[in-house]
Protein chains: 2
Amino acid sequence: MNMMDDTGSREISATRAAYLSLREMILIGKLPAGKKLKIEELRTMLNVGASPVREALSLLTSDMLVERIDQRGFRAAPASLANFEEILTLRSTLEDMALRQSIARATPDWEERLVLSHHRMKRLAGSETFEEAHKSFHMTLLSNADSPMLQRYCSQLYDLNIRYRYLAAGGSTYQNRDIAAEHEEIFDAAVAGDAEAASAALLSHYRLTGDYLSTQLGAL
Amino acid sequence: MNMMDDTGSREISATRAAYLSLREMILIGKLPAGKKLKIEELRTMLNVGASPVREALSLLTSDMLVERIDQRGFRAAPASLANFEEILTLRSTLEDMALRQSIARATPDWEERLVLSHHRMKRLAGSETFEEAHKSFHMTLLSNADSPMLQRYCSQLYDLNIRYRYLAAGGSTYQNRDIAAEHEEIFDAAVAGDAEAASAALLSHYRLTGDYLSTQLGAL
DNA sequence: ATGTCAATAAATATCGATATTTTTGAACAA
DNA sequence: TTGTTCAAAAATATCGATATTTATTGACAT
């Protein structure tokens, strides 16, 4: 038993812990868009030294969740309607690309992972962990594309979008639509290998959410 | 008062200096793909402390030029034929998108910036600074797209591609083709507002370079 | 030979202190 | 008022030292 399984009780680094905490806080809006992120403040808030905080913030820069200005510190990335629409456009293009590649390379294994992630998402509807399952479902759809960079972009853009959902409605924009049916439609088409239908359903899913959020975000 | 007179320009932070140096070294292959990047080694090489080095490496993670493994340090991003082709595909899609947006929003100002960057690139053919001017020309083509994130992605992908040019041929892959004519064709179409022709010329430009590099990169 | 284990070496990660830069604000002049 | 200057305060950036973790080595048993 010399191989350690790091899903278990492995120690996590202070930097990674800080990264995850800060990321979460920015996504849900606890650290509001545009807010100055002072090292000392975060240092005490997270109980770590300045180095891990700075490193975590540098990493978050890669996710476009934090802006870094040389010699002038860090701030949570600003939010705007234009930025939201930019994210939506890029997401549509890149996820469309990834979904089509995924479907074109369909395998039984992918199909099974899809079934599983779809099931879990339905099961967790309304629960604390739905958000996680929802992202997992969408990423699984794209996961067969054999393009790590494309998937990284899609994952990044997905997260950036989450922030706007929280900005618009405290995280729950799923009140007035039959989200489950929309997911079902994407899922069915993907499993059936119908790239056109799957892509259309996915883009419509995003456009509906996008249009709704746009109206809510007027204040920005 | 300060140690160095930096040709009159603003004093640069150690982190930023380290970032720029390391980036350059990775792009031109002085730090080879996959190489372990030891903090102490870089620290002495760059004459700075460990913190700026770590921070610079964290930032380079965002550019996908450095990989970070928790508790196990950093390494220059590995290179592979598959990765190169992934970059080419993504670049083609995203630059096509950006170029069409740029042309659709054409203004006299953009036209003038285009003329200038094209002229400068021609002027600097064969010189030390051609690479810089070449990137500037390509980025100017896309710069009118009013989509900062798209431009960031395109710039990132452009840089990642540079690395493969150096890997394949020490930086000069421009021997057997009339690169100037290819640029001229893109430029003319863009200025004429012909999105179809410009996009076709741009994609062909990338495909020709890509095909050539692919043959050179067999060793990977 | 081959694999395990513990001691050692090496490297990473982190902290606390300090240097540097930017920001603030009060005094003063136009 | 409005703008300028400059010292104090605040915040960022950086360093050097240390704690923690991972990698290496060689003795020893199989």
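Bear in mind that the values here come from a model prediction, so they are computed numbers and not experimental data. Below, chain A is the first sequence line, B the second, and so on; all start at residue 1.
Of all non-hydrogen atoms in B:Tyr166 and B:Leu27, the two that sit nearest each other are CD1-O, 3.7 Å. Across every non-hydrogen atom of A:Tyr164 and A:Leu160, the tightest pair is CD1-O, 3.4 Å.
Going from atom CD1 of B:Ile12 over to atom C1' of D:dT14 covers 15 Å, rounded to whole Å. The separation between A:Arg43 atom CZ and C:dT14 atom P is 14 Å, rounded to whole Å. Atom pair A:Glu41:CD and D:dA10:P shows a separation of 14 Å (rounding to whole Å applied). The distance between atom CG of B:Asn47 and atom P of D:dT14, rounded to the nearest whole Å, is 14 Å. Atom CD1 in B:Ile69 sits roughly 14 Å away from atom C1' in D:dA23 (whole-Å rounding). One can place CZ of A:Arg75 at 14 Å from C1' of D:dT12, the figure rounded to the nearest angstrom. The distance between atom CZ of A:Arg68 and atom C1' of D:dT12, rounded to the nearest whole Å, is 10 Å. Look at CG on A:Leu42: it is 14 Å from P on C:dC15, rounded to the nearest Å.
Near DNA chain D, defined here as any heavy-atom distance below 4.0 Å, there are no residues from residues 53-66 of chain B. Listed by residue number, B:Ala14, B:Thr15 are the residues of residues 14-22 of chain B with a heavy-atom contact under 4.0 Å to DNA chain D.
Residues meeting the side-chain hydrogen bond (donor to acceptor under 3.5 Å, both in side chains) test with A:Asp109, sequence neighbours left out: A:Arg113. In this structure, B:Arg207 has no salt bridge (charged side-chain N to carboxylate O under 4.0 Å, His left out) partners at least two apart in sequence or on a different chain. Taking the salt bridge (charged side-chain N to carboxylate O under 4.0 Å, His left out) definition, one finds that B:Asp96 meets it with B:Arg100, sequence neighbours left out.
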Please list, for nucleotides 8-11 of chain C, all pairs of protein and nucleotide N/O atoms separated by less than 3.5 Å.
unit_1 : atom_1 : unit_2  : atom_2 : d
C:dA11 : OP1    : B:Lys38 : NZ     : 3.2

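No side-chain heavy atom of A:Leu167 sits less than 4.5 Å from a side-chain heavy atom of A:Phe84.
Checked against the 6.0 Å centroid criterion, the rings of B:His134 and B:Phe130 qualify as a close aromatic pair. Two rings, from A:His138 and A:Tyr206, have their centers less than 6.0 Å apart.
Residue B:Lys36 qualifies as enclosed at atom NZ: its count of foreign heavy atoms under 6.0 Å is above 12.
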Might you work through the side-chain hydrogen bond (donor to acceptor under 3.5 Å, both in side chains) test for B:Thr129 and B:Ser127, ending with a clear yes or no? CA-CA 5 Å; B:Thr129 51; B:Ser127 88; 3.2 Å; yes
Under the salt bridge (charged side-chain N to carboxylate O under 4.0 Å, His left out) rule, what do B:Glu55 and A:Arg54 come out as? Steps first, then yes or no, please. CA-CA 7 Å; B:Glu55 222 173 291; A:Arg54 292 185 62 83; 2.7 Å; yes
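Listed nucleotides D:dA23, C:dC15, D:dA13 differ in distance to A:Gln71; the shortest reach to its side chain belongs to D:dA13. Here D:dA23 is the nucleotide among D:dC15, D:dA23, C:dT22 with the atom lying nearest to any side-chain atom of B:Arg72.
Within 4.0 Å of B:Ser13, counting heavy atoms only, lie sugar-phosphate atoms of the nucleic acid but no base atom.
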